[in-house]
Amino acid sequence: MTSPTRKHTALPKAQILIEALPWLTRHHGRTVVIKFGGNAMVDEDLKAAFAQDVVFLRHAGLKPVVVHGGGPQISAALDRHGLVSEFKAGLRVTTPEAMDVVRMVLAGQVQRELVGLLNQHGPLAVGLTGEDAHTITATKHRPRIDGETVDIGRVGEITSIDTGAIEALLADGRIPVVSSIARSQDDGHVYNVNADTAAAALAAALGAETLMVLTDVEGLYEDWPRSDEVISRLTATQLEKLLPDLSSGMVPKMEGCLHAVRNGVNTARVIDGRVQHSILLEIFTDEGIGTMVVPDGQGEQ
Ligand SMILES: Nc1ncnc2c1ncn2[C@@H]1O[C@H](COP(=O)(O)OP(=O)(O)O)[C@@H](O)[C@H]1O
Ligand SMILES: CC(=O)N[C@@H](CCC(=O)OP(=O)(O)O)C(=O)O
């Protein structure tokens with residue numbers, strides 16, 4: 001027989017579960033694209049908590065799709081190969097030799113590790129790169145810096161997304177884990193694509209409800225690096241005005257968030273991947289840690 005004390009101590013747990021009901025109802029069957037940045041993969045406990053959260057979402061009836069980065073891991077591997085890491089316009093200058101290392105690290109190391117962690121919870125995760133089944137196709141990206149077009153090697157600009165393979169995996173109850181490498185539409189080789197950009201393009205093409213970008217800061221800082229005041233919510237137009245003032249890693253992230261909410265995604269969020277279970281806090285509570293970007297007309301600040 002259950003003792004009265006035991007019943008009493010279990011009650012708060014039931015309350016916590018029932019508080020999640022409105023969120024469970026709202027998100028049921030919806031696709032959530034989660035970008036896990038290389039800078040947020042700081043320790044084993046965090047990676048394991050990330051995997052638990054993603055599996056939790058899947059069992060709660062959502063359809064999570066993981067897109068992963070690996071910038072610091074690529075830089076370390078290039079260093080071991082005696083190759084230098086140089087960034088222009090926030091993107092890695094990628095020689096053909098560096099491209100081999102990028103592909104090896106993203107598809108052969110980071111993606112395998114995440115797939116392994118997710119699959120500790122059952123036969124759920126399947127890894128792929130943008131090369132598979134034409135998921136991501138790109139052409140050579142030629143950014144303009146100070147009015148000049150620059151050559152940054154094998155960096156791709158996404159030209160099309162084919163969601164077929166990802167949708168088939170989702171329909172089969174799997175968790176796709178995507179590395180940000182694209183097939184080339186021009187020359188039979190592959191391109192290195194920034195993982196934030198890839199995640200945003202996939203979120204838009206999949207008609208995802210949410211794009212969630214996990215990184216190593218609390219969100220978008222209003223006046224970085226002078227202050228750590230986080231902007232908690234902003235509309236697409238408000239973000240568009242801020243874009244020219246942003247620097248380094250935040251540029252592709254916020255451009256990606258803008259692309260997503262301008263192309264049918266309901267919310268795009270930048271959240272602190274260093275906080276354990278930040279995904280659950282964001283999806284199932286009102287606490288809204290980090291920065292949320294919403295389409296225009298959904299409440300100015
Ligand atoms: N306005 C800003 N707010 C927050 N971080 C910023 C801002 N501008 C630049 N950053 C930098 O962007 C970094 C996150 O991008 P990045 O290093 O590419 O991470 P990830 O590996 O998660 O993609 C932060 O650690 C910070 O140094
Ligand atoms: C073109 C380009 O810059 N590609 C990135 C791909 C990985 C990435 O974006 O990783 P994070 O999300 O951890 O930064 C790179 O080579 O670092």
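All of these numbers come straight from a predicted model, not from anything done at the bench. Atoms within a ligand are numbered from 1 in the order they appear, just like the ligands themselves.
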- Message: Using modelled atom types and a 3.5 Å cut-off, is there a donor and acceptor pairing between side-chain atoms of T95 and backbone atoms of A98?
- Response: yes
- Message: Under 3.5 Å, is there a donor on one side chain and an acceptor on the other for S184 and D187?
- Response: yes
- ligand 1 atoms in contact with G219 (distance to a heavy atom under 4.0 Å): 3 (N), 4 (C)
- Message: Per the salt bridge (Lys or Arg N to Asp or Glu O under 4.0 Å) rule, what does the pair list look like for residues 258-283, sequence neighbours excluded?
- Response: E240-R262, R262-D296, R269-E282, D272-R274
- Message: Could you check whether atom CZ of R174 has more than 12 heavy atoms from other residues, nucleotides or ligands sitting under 6.0 Å from it?
- Response: yes
- Note on the structure: Within 4.0 Å of some non-hydrogen atom of V217, the atoms of ligand 1 are 4 (C), 5 (N), 24 (C), 25 (O)
- Considering the heavy atoms of K35, write down every atom of ligand 2 situated less than 4.0 Å from one of them. 11 (P), 12 (O)
- Name the closest protein heavy atom to atom 7 (C) of ligand 1, giving the residue it belongs to and the distance to 0.1 Å. M250 CG, 3.0 Å
- Note on the structure: In ligand 1, the atoms that come under 4.0 Å of a heavy atom of D216 are 14 (C), 24 (C), 25 (O)
- How close does the nearest protein non-hydrogen atom get to atom 27 (O) of ligand 1, and which residue and atom is it? W224 CZ2, 3.2 Å
- Task: Check ligand 2 against V193 and write out every atom of the ligand that is under 4.0 Å from a heavy-atom position of the residue.
- Result: 4 (N), 6 (C)
- Task: Tell me which part of N194 gets within contact of ligand 2: side chain, backbone, both or neither, using heavy atoms under 4.0 Å.
- Result: both
- For ligand 2, which atoms, with element, lie under 4.0 Å from some heavy atom of L91? 1 (C), 3 (O)
- Enumerate the atoms of ligand 1 whose separation from the nearest heavy atom of G38 is less than 4.0 angstrom. 21 (O)
- So which protein heavy atom does atom 3 (N) of ligand 1 come closest to, and at what separation? Y221 N, 2.9 Å
- So E157 and T139, side-chain hydrogen bond (donor to acceptor under 3.5 Å, both in side chains) or not? Walk me through it. CA-CA 5 Å; E157 181 173 333; T139 187; over 6 Å; no
- Query: Under the side-chain hydrogen bond (donor to acceptor under 3.5 Å, both in side chains) criterion, do E209 and H27 qualify, and how do the steps go?
  - Reply: CA-CA 8 Å; E209 183 189 54; H27 295 297; 2.5 Å; yes
- Task: Identify the protein heavy atom lying closest to atom 21 (O) of ligand 1, giving its residue, its atom name and the separation to 0.1 Å.
- Result: N39 ND2, 3.0 Å
- Could you list which atoms of ligand 1 come closer than 4.0 Å to a heavy atom of S247? 8 (N), 9 (C)
- More than 12 heavy atoms from other groups under 6.0 Å of NE2 on H28: no
- Item | Protein residue, atom and distance nearest to atom 9 (O) of ligand 2, heavy-atom basis | A195 N, 2.9 Å
- Check: G38 N/O within less than 3.5 Å of ligand 2 N/O: yes
- Query: How far is atom 18 (O) of ligand 1 from its nearest protein heavy atom, and which residue and atom is that?
  - Reply: G249 CA, 3.4 Å
- Message: Does atom CD (E229) have a neighbourhood of more than 12 heavy atoms from anything else shown, all under 6.0 Å?
- Response: no
- For T215, the ligand 1 atoms whose distance to one of its heavy atoms is below 4.0 Å: 14 (C), 19 (O), 20 (P), 22 (O)
- Message: For the backbone of E131 and the side chain of T135, can you confirm whether one donor and one acceptor N or O come within less than 3.5 Å of each other?
- Response: no
- Message: For D196, state whether at least one heavy atom is located under 4.0 Å from any atom of ligand 2.
- Response: no
- Task: Tell me, please: is M41 in heavy-atom contact with ligand 2, that is, under 4.0 Å?
- Result: no
- Provide the number and element of each atom of ligand 2 under 4.0 Å from a heavy atom of N192. 1 (C), 2 (C), 4 (N), 5 (C), 6 (C), 15 (C), 16 (O)
- With heavy atoms under 4.0 Å as the rule, classify the contact between K253 and ligand 1 as side chain, backbone, both or neither. side chain
- Note on the structure: Nearest heavy-atom contact between A198 and I136 is CB-CD1, 4.1 Å
- For R144 and T149, test the side chains for any donor-to-acceptor distance below 3.5 angstrom and give the result as yes or no. yes
- Message: For a quick test of reading the model, state the closest non-hydrogen atom pair linking G256 to L211 and the distance between them.
- Response: O-CD2, 4.2 Å
- Query: Looking only at protein heavy atoms, which one is nearest to atom 11 (C) of ligand 1, and how far off is it?
  - Reply: S248 OG, 3.6 Å
- Considering only protein heavy atoms, which is closest to atom 17 (O) of ligand 2, and at what distance to one decimal place? R92 NH2, 2.9 Å
- Message: Using a 4.0 Å cut-off to any heavy atom of G71, which atoms of ligand 2 qualify?
- Response: 10 (O), 11 (P), 13 (O), 17 (O)
- Message: For the OH atom on Y221, are there more than 12 heavy atoms of other groups (residues, nucleotides or ligands in this structure) within a distance under 6.0 Å?
- Response: yes
- Message: Below 4.0 Å, non-hydrogen atoms only: which portion of K35 touches ligand 1? Side chain, backbone, both or neither.
- Response: side chain
- Query: Less than 3.5 Å between some nitrogen or oxygen of G70 and one of ligand 2, yes or no?
  - Reply: yes
- Message: Any donor-acceptor pair under 3.5 Å linking the side-chain atoms of S75 with those of R92?
- Response: yes
- Message: Strictly distance-based, threshold 3.5 Å: is any side-chain N or O of R30 a donor or acceptor partner for the main-chain N or O of K63?
- Response: no
